[in-house]
Structure formats: C-alpha cells, structure tokens
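Each remark here refers to the structure printed beneath this line.
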Amino acid sequence: MKTSQILIPTQKEAPNDAQIISHQLMIRAGLISKLASGLYSYLPMGLKVLKKVEKIIREEMNNAGAQELLMPVAQPAELWQKSGRWEQYGAELLRFSDRHGRDFCLGPTHEEVITNLAEQYLSSYKQLPVNFYQIQTKFRDEIRPRFGVMRSREFIMKDAYSFHIDAESMQLEFEKMHSTYCKIFTRLGLDYRPVLADSGSIGGENSIEFHVLAESGEDEICFSDESEYAANIEKVAFSEQVAKISTGVSEKEVLTKKKTSIEEVAEFLNVEKSDCIKTLIIKIKDGFKALALRGDHELCEIKVQNLYGEFSFASEDEIKSLGLKKGFIGVKDLNIDLIVDYFAAAEVDFVCGANEWDKHLTGVNWAGIKFVCSDLRNAVNGDDSPDGKGKLIIKRGIEVGHIFQLGDKYSKAMNANVIGESGKAKTMMMGCYGIGVTRIIAAAIEQNYDDKGIIFSASIAPFQVVIVPINYNKSTRVKDLADDLYQQFLDAGIEVLLNDKKARAGIMFAESELWGIPHRLVLSDTHADNGNIEYKARNEEQKVQIPFSTALDYIQKQLVQ
Ligand code: ATP
Ligand code: MG
C-alpha cells in the first residue's frame with residue numbers, strides 16, 4: 001500500500017485526555033479515533049493490527065478444537081432474569097427497551113446467550129465436551145472509561161464457552177485453554193503472567209487471569225520471591241492469625257483535636273501507623289457493618305464484596321445516624337457488627353478512635369470487645385506468600401485474558417441438561433474463557449515503545465516493511481527504484497507501505513518510527529548513486545547500507561528470523 005491510498009492521520013501532539021503512552025501513541029500514529037467517551041473507531045492501520053491479533057487468536061482457538069460462532073450484541077432481558085444477573089449486574093449493564101416496550105441489554109458478556117443455545121441444541125452426553133467461541137463487540141458502561149481502548153465502553157472480546165458432562169472434563173478443557181492462552185500471548189509477543197484471580201460477577205470457583213506486566217497496569221499482581229505463587233492482589237488470601245486477646249491496663253483517652261486521618265493521628269501521638277486501628281463503616285443490602293483494619297493496611301473491596309455482596313461506604317449523615325463521629329470511630333461500644341481483619345486482631349495496646357469528637361484511645365486491647373475476624377485487607381510488599389514460601393513482591397499488570405471454571409452456575413439456572421450415560425438428565429458443567437482483543441493492542445504498545453513511537457512485534461505490525469523514498473515526487477530515478485522495489489515486495493507477498501507523500505525527509509523518518517513498522521528502507525539519490533539502500537530495524541539504532549539489488553532478499557531473511 002502507498003500512504004496516498006490509506007488514511008493515516010498522524011498527529012504531532014497527543015490529546016489531553018490521553019494519560020498513558022499507548023493511548024497517546026495510538027492516536028498520534030493514526031490507529032484509532034475517539035467518537036465519544038469510551039467509544040473508538042479503528043482507522044485503516046489500526047484495523048490491520050486488530051485483524052492480526054484476531055487471526056492469531058482464531059488460529060490457536062481452532063487448533064484447540066473450539067468452534068467459532070457469532071451471537072447478537074443485543075440480548076433479551078428474560079435470559080438475564082433467568083440467570084439472576086438482570087438484578088445483580090450493576091450499572092455497567094446498558095439496559096434499554098425496544099419499540100414494543102420489551103427490555104434488552106447490550107451484552108457485556110455472553111454466558112446467558114450461549115447457555116440458551118446449549119439448552120436448545122445439546123441433548124446428549126455424546127455431544128460433549130464442546131467449546132464455542134466468538135470474536136465480537138461487547139458493551140460495558142464502565143464508570144470511568146479511560147486509557148483509550150484499554151478500558152473502553154465498547155470493545156472486542158474473544159469469548160469462549162465450553163460444556164461438559166462432569167467437573168473432570170471441565171478441568172481438562174480449562175487446562176487446555178490455559179496452554180492455548182500461553183501460545184496466543186507468546187505469539188503476540190507479550191511479556192505476560194498467568195495469575196490466580198477472583199471470579200467477580202461471572203462466577204465460578206477457580207479462575208486465572210493473564211496479565212501483561214506494565215507500569216501503567218490498573219491491577220496489582222503479587223508474586224512470591226521464592227515460589228511459583230502468583231495472584232491478583234484481590235485474590236491473595238490470608239489465613240487466620242491468632243488474635244491476641246490481651247487485657248492491657250494502659251488504656252487512656254487522649255485529645256486528638258482535628259486529627260482525623262491515620263497519618264495525622266500516628267504523627268501526633270508519635271506511634272507507627274501499624275499501631276493504630278482504623279474503622280470503616282460500610283452500607284450493605286440490609287444495614288451497616290464496621291470493618292477494622294490496621295492503620296497501614298488497605299481494605300480489599302473485592303474481599304468485602306465476596307462477603308457481603310455490593311456495598312458502599314457510609315456517608316457522613318449515615319455515620320451520624322449510627323451515633324458515630326467520622327474521623328473518631330473506634331472499635332468499642334459500636335451498635336453494629338464489627339468485623340476485624342486478621343492482622344488488626346493480632347494487635348495489642350493499639351490506638352483507635354474514642355467515638356467522641358477530637359478524642360482517640362491509646363493502649364486499647366481486644367478483650368471484652370465483640371467482633372468476628374476475617375480476611376479484609378490487600379497484600380503489601382514483603383507479606384509472607386500464602387503458599388508459605390518466600391515473600392510477596394507486587395507488580396502492576398494489565399489483564400488481557402481471564403479463564404473461569406463456571407461449574408453449573410448458568411446451566412442450572414437455565415436448565416441446560418443433557419441425557420447422561422445412565423439415561424438420566426444431567427446438568428452440564430461449563431467453563432468460560434475471555435481475551436480482551438482490543439485491549440491487547442494497547443497492552444502490547446505499553447510494553448514496546450520508545451521516545452520515537454510504537455515498536456510493533458512482527459506478529460501484529462500493520463505492515464512488515466516501510467519504504468521511505470526521499471524526493472519521490474521530484475526525482476524520477478528515486479521514484480522508479482522505489483516503485484520497482486515496492487512491486488518486488490508485493491509480488492513476494494510482503495506487507496509493504498511506501499511513503500509517497502510530498503513531505504520533508506525528517507517528517508517521513510519520524511512517521512515511520514512512530515508507526516512502529518519493524519523494518520525500514522530509505523532510498524535517496526545519493527543511495528542510488530552508490531547502488532545502495534539504507535536499512536534500519538525499528539528496534540535497533542544502527543543503520544546499514546545494503547546493495548539495492550539484494551534488498552528483497554535481505555528483508556526476507558529478516559522476516560524469517
Ligand atoms: P477488568 O477487571 O479489567 O474490568 P473484567 O475482569 O471485568 O476486566 P472479564 O469479564 O474477565 O473482564 O473480560 C475478559 C477480558 O475482556 C478481560 O480480561 C479484558 O482483557 C477485557 N476487557 C474487560 N473490560 C474491558 C474494557 N472495558 N475495555 C477493554 N477490554 C476489556
Ligand atoms: Mg476478569
């Protein structure tokens with residue numbers, strides 16, 4: 001293709017809302033264009049990258065024996081009512097009604113639709129196991145769409161759903177998908193890690209996320225420095241410690257005027273944050289709960305959600321209505337249930353609020369206080385690894401894939417049964433397997449760029465080679481040579497872009513770097529005088545002069561490397 005035949009609206013500056021590098025570069029290189037918050041168009045070059053990512057995923061899913069199908073984006077409410085998720089799924093589910101007043105939603109995921117298909121068409125254990133997948137648009141009305149296509153509202157997912165006669169077969173397919181995902185992410189050129197994960201609203205027991213390691217990642221991943229243990233921070237489970245129910249004698253009330261945060265209180269009383277206990281009040285479906293954590297620990301919202309379902313933090317008015325004072329809430333004499341994190345329960349002689357304005361208590365102990373213990377906090381660097389081997393190190397990751405063992409959550413709710421070997425009806429077991437197709441492009445760029453632009457791996461680059469002829473529109477010699485070379489590449493089936501713009505050499509060089517095309521050839525009259533052409537790999541600094549006549553051969557050798 002020639003640049004005159006393809007829309008590549010390269011930009012010098014990134015838009016203000018582009019906070020992370022992949023978003024900035026995708027806009028600047030003319031891969032995507034924003035329509036509205038969380039909605040992006042893929043421009044021709046961006047679409048080429050997207051199609052390459054899809055192709056790799058499709059090939060590996062087909063190799064693994066999965067069958068491709070395509071389901072509608074719009075889904076009737078009845079299916080979601082059957083599974084119970086019409087109510088459960090929060091505001092991310094975009095609901096609407098049609099002209100007849102029937103309720104629908106835009107699919108954020110397709111468990112309901114596929115289970116409905118399975119219920120219709122799978123009737124015997126002989127048809128199992130089976131794995132269906134699609135590569136299709138999803139819609140999630142994300143509360144904060146951001147980072148371009150990394151967290152958009154409309155995005156493309158590869159979602160697969162498998163059906164089984166029993167848990168053993170489900171487990172086997174889960175393992176097969178695990179290795180298929182490893183193949184996919186390796187072919188995509190990503191530095192990734194599979195980690196234990198929480199199953200969220202999708203459900204099921206065991207799930208594994210695949211994370212691309214990058215500083216801009218929204219997730220925190222914990223690794224053991226001694227073992228293979230790796231888990232999303234949400235999933236790091238701490239076991240119960242022995243709460244030291246000690247009866248200290250030194251409890252005292254102290255004035256802590258206007259000191260409401262743990263930092264302020266710890267500094268004022270000259271104690272460590274870990275010696276203070278903070279109490280948070282949450283509102284759940286049927287009332288309020290008090291959660292106590294060590295001052296240096298952070299609440300893990302997913303752990304709370306897994307205990308109590310959807311929750312919110314109590315407002316100032318709600319706290320007041322409970323007779324409590326925001327900033328000075330303690331652990332004694334609360335008239336609501338108190339849940340104490342294991343590590344907070346192991347504290348002795350600690351500081352906490354006095355439940356009175358401008359006052360805290362010091363030397364407090366748990367004896368005589370009514371509470372239950374639970375695992376409430378996020379892991380921190382240096383925590384003991386839950387497998388008992390080594391310490392945890394926390395890194396940031398971008399979730400690009402997630403595989404689940406759903407069990408019978410959907411098949412049971414939606415009556416997806418088959419006749420088993422014994423002739424009796426059996427509820428099918430299910431697995432589901434997602435990959436964020438569009439997010440992968442952003443994640444790949446987060447891992448591979450430099451100050452000049454994107455560095456695409458060969459497997460997903462929009463073009464393999466870019467030819468940059470200097471003075472193409474003035475020098476017929478350069479034009480003829482460049483056109484000849486371009487034709488040679490086309491004939492050899494190599495994806496080549498010829499920059500035939502009337503632009504200054506500097507601009508053309510900068511563009512070719514920005515686009516991240518792996519191989520670049522520069523041709524000028526000087527090169528022509530010497531019978532040479534200049535070659536540069538995008539991921540290397542050095543330029544080499546090669547005889548013009550060997551250019552095709554040279555590039556072909558680079559491509560097979
Ligand atoms: P996240 O935790 O990032 O919100 P999720 O756990 O809700 O994602 P899944 O339901 O597991 O996502 O969806 C499968 C895959 O779809 C994810 O691994 C991710 O790569 C991709 N994905 C999810 N939400 C978005 C989004 N808003 N924009 C782009 N890709 C997304
Ligand atoms: Mg997920």
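Here the structure is a predicted model, which is why all the values come from computation and not from measurement.
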Measure the spacing between [atom1] of [X] and [atom2] of [Y] and express it to the nearest 0.5 Å.
| X | Y | atom1 | atom2 | value |
| --- | --- | --- | --- | --- |
| S152 | K34 | OG | NZ | 11.5 Å |
| N448 | L25 | CG | CG | 11.5 Å |
| K359 | K325 | NZ | NZ | 10.0 Å |
| R193 | E209 | CZ | CD | 15.0 Å |
| E111 | S411 | CD | OG | 11.5 Å |
| K278 | S261 | NZ | OG | 10.0 Å |

Got a sec: does the NZ of K536 have more than 12 other heavy atoms crowding it under 6.0 Å?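 Enclosed: over 12 neighbouring heavy atoms sit under 6.0 Å from NZ of K536.
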Considering non-hydrogen atoms only, spot the tightest contact between [X] and [Y] and give its length.
| X | Y | result |
| --- | --- | --- |
| V195 | N232 | CG2-N, 3.7 Å |
| F313 | E318 | O-OE1, 4.4 Å |
| A379 | D383 | CA-OD2, 3.3 Å |
| C373 | A345 | SG-CB, 3.6 Å |
| I460 | A444 | CD1-CB, 3.8 Å |

State, without any angle test, whether [X] and [Y] hold a side-chain donor-acceptor pair at a distance under 3.5 Å.
| X | Y | value |
| --- | --- | --- |
| R85 | Y410 | yes |
| H178 | T180 | no |
| E173 | N131 | yes |
| T115 | Y161 | no |
| Y133 | N62 | yes |
| E175 | Q171 | yes |

Output all residues satisfying side chain to side chain contact (heavy atoms under 4.5 Å, CB included) with K138, sequence neighbours left out; order by chain, then residue number.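 Listed in chain order: H110, Q134, Q136, F155, M157, D159.
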Using 4.0 Å as the upper bound for N to carboxylate O, is an ion pair formed by [Y] and [X]?
| X | Y | result |
| --- | --- | --- |
| D275 | R294 | no |
| D198 | K235 | no |
| D384 | K391 | yes |
| E142 | R151 | yes |
| R377 | E298 | no |
| D375 | K303 | yes |
| K52 | E59 | no |
| E218 | R146 | yes |

Quick one: does [X]'s side chain have a donor or acceptor within less than 3.5 Å of a partner on [Y]'s backbone?
| X | Y | value |
| --- | --- | --- |
| Y181 | G434 | yes |
| R396 | S216 | no |
| S374 | I339 | no |
| D219 | G397 | no |
| K158 | Y433 | yes |
| E60 | I56 | no |
| N355 | K332 | yes |
| E513 | R538 | no |
| S179 | K176 | yes |
| T279 | G330 | yes |

Can you confirm if the aromatic rings of F210 and H402 lie within a centre distance of less than 6.0 Å?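 Ring centroids of H402 and F210 are no less than 6.0 Å from each other.
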With a 6.0 Å cut-off on ring centres, are F463 and W515 close enough?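 Distance test on ring centres: not under 6.0 Å, no.
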Could you tell me if K283 sits above the aromatic ring of F311, with its cationic atom closer than 6.0 Å to the ring centre and no more than 45 degrees from the axis?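 Here K283 fails the 6.0 Å and 45° test against F311.
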Ring pair (Phe, Tyr, Trp, His ring centres under 6.0 Å) against Y229, all qualifying residues, sequence neighbours excluded: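 Not a single residue meets the ring pair (Phe, Tyr, Trp, His ring centres under 6.0 Å) criterion with Y229.
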